[in-house]
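This is the structure I have questions about; it appears just below.
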Amino acid sequence: MKKSARALIYGMVQGVGLRYSVHRKASELGLAGFIKNLPDGSVELVVEGDEALINDLLEYIKTGLRWARVDRVDVEWSECQEKYRRFEIAF
């Protein structure tokens with residue numbers, strides 16, 4: 001089932017390649033949306049696609065990033081609005 005998720009990622013997550021790694025993984029999974037750094041040092045992820053694939057991406061963020069230290073991921077789920085065509089890094 002297609003879903004949308006907005007996640008806030010906390011920890012040592014800026015300046016360590018997290019956005020680029022997540023961009024690559026999300027694109028491989030065929031997900032759409034964006035990821036961007038926030039002024040408070042966290043990272044925002046907005047993603048749409050198959051719910052199981054979004055969960056795969058979230059698991060990758062929690063455990064698969066070598067240089068980042070992810071302390072917490074807060075996720076809000078919603079119905080898919082199909083707002084995005086591809087996955088991008090927002091600046």
Side-chain angles (χ1 to χ4, degrees):
M1 175 189 294
K2 283 196 167 194
K3 297 289 270 184
S4 291
R6 178 178 181 262
L8 295 176
I9 306 161
Y10 299 94
M12 191 176 74
V13 294
Q14 290 190 14
V16 292
L18 180 136
R19 290 177 301 150
Y20 298 98
S21 296
V22 172
H23 175 268
R24 182 181 42 78
K25 185 68 169 180
S27 297
E28 286 174 9
L29 293 171
L31 300 171
F34 67 87
I35 189 164
K36 72 176 182 178
N37 286 340
L38 296 178
D40 68 356
S42 65
V43 173
E44 178 184 26
L45 168 72
V46 175
V47 62
E48 295 181 336
D50 183 83
E51 184 176 4
L53 296 176
I54 293 173
N55 279 317
D56 289 346
L57 180 64
L58 293 170
E59 188 61 29
Y60 172 77
I61 290 167
K62 292 174 186 174
T63 62
L65 299 167
R66 264 172 65 182
W67 306 112
R69 188 193 76 234
V70 176
D71 294 334
R72 190 172 95 228
V73 180
D74 296 340
V75 183
E76 296 174 9
W77 291 92
S78 61
E79 294 304 313
C80 183
Q81 302 295 313
E82 296 192 17
K83 289 181 175 180
Y84 309 99
R85 297 171 103 156
R86 60 187 169 171
F87 197 88
E88 299 178 342
I89 297 173
F91 295 95

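Computed from a predicted structure; not experimentally measured.
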> For Gly11 and Asp71, which heavy atoms make the closest approach, and how far apart are they?
Replying inline: CA-OD2, 3.4 Å
> Counting only heavy atoms not in Trp67, do more than 12 fall under 6.0 Å of its CH2?
Replying inline: no
> Out of curiosity, does Ile61 fall in the hydrophobic cluster containing Val46 (side-chain heavy atoms, cut-off under 4.5 Å, transitive links)?
Replying inline: no
> Is there a path from Val75 to Val13 through hydrophobic residues (I, L, V, M, F, W, Y) whose side chains come within less than 4.5 Å of each other?
Replying inline: yes
Can you give me every donor-acceptor pair (side chain of residues 20-29, partner residue at least two apart or in another chain, under 3.5 Å) with its distance?
{"from": "Ser21", "atom 1": "OG", "to": "Gly17", "atom 2": "O", "distance (Å)": "3.1"}
{"from": "His23", "atom 1": "NE2", "to": "Phe87", "atom 2": "O", "distance (Å)": "3.2"}
{"from": "Arg24", "atom 1": "NH1", "to": "Glu28", "atom 2": "OE2", "distance (Å)": "3.4"}
{"from": "Arg24", "atom 1": "NH2", "to": "Tyr60", "atom 2": "OH", "distance (Å)": "3.3"}
{"from": "Ser27", "atom 1": "OG", "to": "His23", "atom 2": "O", "distance (Å)": "2.9"}

> What residues form a side chain to side chain contact (heavy atoms under 4.5 Å, CB included) with Lys36, not counting sequence neighbours?
Replying inline: Phe34, Leu38, Glu44, Ala90
> Between Lys2 and Glu48, is a side chain to side chain contact (heavy atoms under 4.5 Å, CB included) present by the stated rule, with each step listed?
Replying inline: CA-CA 7 Å; Lys2 283 196 167 194; Glu48 295 181 336; over 6 Å; no
Less than 3.5 Å apart, which donor and acceptor atoms pair up between the side chains of residues 52-59 and the rest of the protein, not counting sequence neighbours?
{"from": "Asn55", "atom 1": "ND2", "to": "Glu51", "atom 2": "O", "distance (Å)": "3.3"}

> Does one hydrophobic cluster hold both Met12 and Leu8, with members joined at side-chain heavy-atom distances below 4.5 Å?
Replying inline: no
>> If hydrophobic clusters are built by linking Ile, Leu, Val, Met, Phe, Trp and Tyr wherever their side-chain heavy atoms come under 4.5 Å apart, do Ile35 and Phe91 end up in the same one?
In response: yes
> When rounded to the nearest 0.5 angstrom, what distance separates CG in Asp74 from CG in Leu45?
Replying inline: 12.0 Å
> Mind checking whether Val16 and Ile9 sit in one hydrophobic cluster, side chains of I, L, V, M, F, W, Y counted as touching below 4.5 Å?
Replying inline: yes
>> Rounded to the nearest 0.5 Å, what separates atom OG in Ser4 from atom CD in Glu82?
In response: 8.5 Å
